Participant: 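Could you have a look at this structure, given as structure tokens, before my questions?
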Amino acid sequence: DVKVTQSSRYLVKRTGEKVFLECVQDMDHENMFWYRQDPGLGLRLIYFSYDVKMKEKGDIPEGYSVSREKKERFSLILESASTNQTSMYLCASSEFRRRGYTFGSGTRLTVV
Amino acid sequence: GESVGLHLPTLSVQEGDNSIINCAYSNSASDYFIWYKQESGKGPQFIIDIRSNMDKRQGQRVTVLLNKTVKHLSLQIAATQPGDSAVYFCAESVGTYKYIFGTGTRLKVLA
């Protein structure tokens, strides 16, 4: 089975901290994605990457950056965490455009 | 603007009954749709997909129906089981690599 692993299930960070969320997939997928999931808003795309060192902004990139130095790893960075970034963060990967995503289990981030 | 929505935020069904979860989409050019299941504490899991050149697709105990005329998508679960309790949401392809996701319907299975 394809596995997408997010390094932390729960994180609590302080306002202003720099936060790293890590995601690793083991199926050699080209595409990787970061979403946040908030009640009543569904999943919103933050950033995605379709190749190593390539990145594209999603719908809500403000306050975030990403890094993809290796094909299997896609990191989401909150440069200076704020309380409105408290959310569930989901990483996903895909190989073909129409095959849908494989999601990780999510990281629930609380910024206090 | 584009949107993918669900008619019912919570659906309660008796164990053994059939469940129907609905989704409306607004982009008539969308040509691919997916249903996901998300259990508590887990990431979304792919259930079934359908292309716009199809009206119906069946999987194991699940069927997806697509009505392009009214831009409506539904997920039918036959003989609903306790393990089907989860949040279900649809996703609409809006371009290369990108989807619009619905907000989700919570399915509760009553014993």
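Residue numbers start from 1 in every chain, and the chains themselves are labelled A, B, ... in the order their sequence lines are given, proteins ahead of strands. Computed from a predicted structure; not experimentally measured.
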Participant: Within residues 69-84 of chain A, which residues come under 4.5 Å of chain B, heavy atom to heavy atom?
Facilitator: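 Counting heavy atoms that sit under 4.5 Å from chain B, no residue of residues 69-84 of chain A is involved.
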
Participant: Are A:Leu90 and B:Gln38 close enough that some pair of their side-chain heavy atoms sits under 4.5 Å apart?
Facilitator: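 Yes - at least one pair of side-chain heavy atoms lies under 4.5 Å apart.
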
Participant: Which heavy atom of B:Ile34 sits nearest a heavy atom of A:Gly100, and at what distance?
Facilitator: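 Residues B:Ile34 and A:Gly100, closest heavy atoms: CD1-CA, 3.5 Å.
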
Participant: Please state whether the side chain, the backbone, both or neither of B:Gln45 comes within less than 4.5 Å of a heavy atom of chain A.
Facilitator: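 Neither part, no heavy atoms under 4.5 Å.
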
Participant: Checking B:Tyr36 side chain against A:Tyr101 main chain: does a donor-acceptor pair fall under 3.5 Å?
Facilitator: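 Here the side-chain-to-backbone pair exists.
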
Participant: State yes or no: do B:Ile50 and B:Ile48 share one hydrophobic cluster built from I, L, V, M, F, W and Y residues joined by side-chain heavy-atom distances below 4.5 Å, directly or via other members?
Facilitator: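 In one cluster: yes.
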
Participant: Determine whether the aromatic ring centres of residues A:Tyr35 and B:Phe101 are separated by less than 6.0 angstrom.
Facilitator: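 Centroid separation for B:Phe101 and A:Tyr35: below 6.0 Å.
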
Participant: With a 4.5 angstrom heavy-atom cut-off, is it the side chain or the backbone of A:Arg9 that approaches chain B, or both, or neither?
Facilitator: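 Interface part for A:Arg9: side chain.
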
Participant: Return yes if some donor-acceptor pair links the side-chain N/O of A:Arg44 with the main-chain N/O of B:Ile100 below 3.5 Å, else return no.
Facilitator: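 Side chain of A:Arg44 to backbone of B:Ile100, a donor-acceptor pair under 3.5 Å: no, none is there.
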
Participant: Using a heavy-atom distance cut-off of less than 4.5 Å, which residues of residues 45-60 of chain A contact chain B?
Facilitator: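 Near chain B, by residue number: A:Leu45, A:Phe48, A:Tyr50, A:Asp59.
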
Participant: So what's closer than 4.5 Å to chain B heavy atoms on A:Gln6: side chain, backbone, both or neither?
Facilitator: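 Contact with chain B involves no heavy atom of A:Gln6 at all.
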
Participant: Any idea which of A:Ser105, A:Pro39, A:Cys91, A:Gly104 has the most non-hydrogen atom pairs under 4.5 angstrom with chain B?
Facilitator: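 The residue among A:Ser105, A:Pro39, A:Cys91, A:Gly104 with the greatest pair count is A:Ser105.
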
Participant: Going from OG on A:Ser94 to OH on B:Tyr99, what distance comes out if it is rounded to the nearest 0.5 angstrom?
Facilitator: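 That separation rounds to 7.0 Å.
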
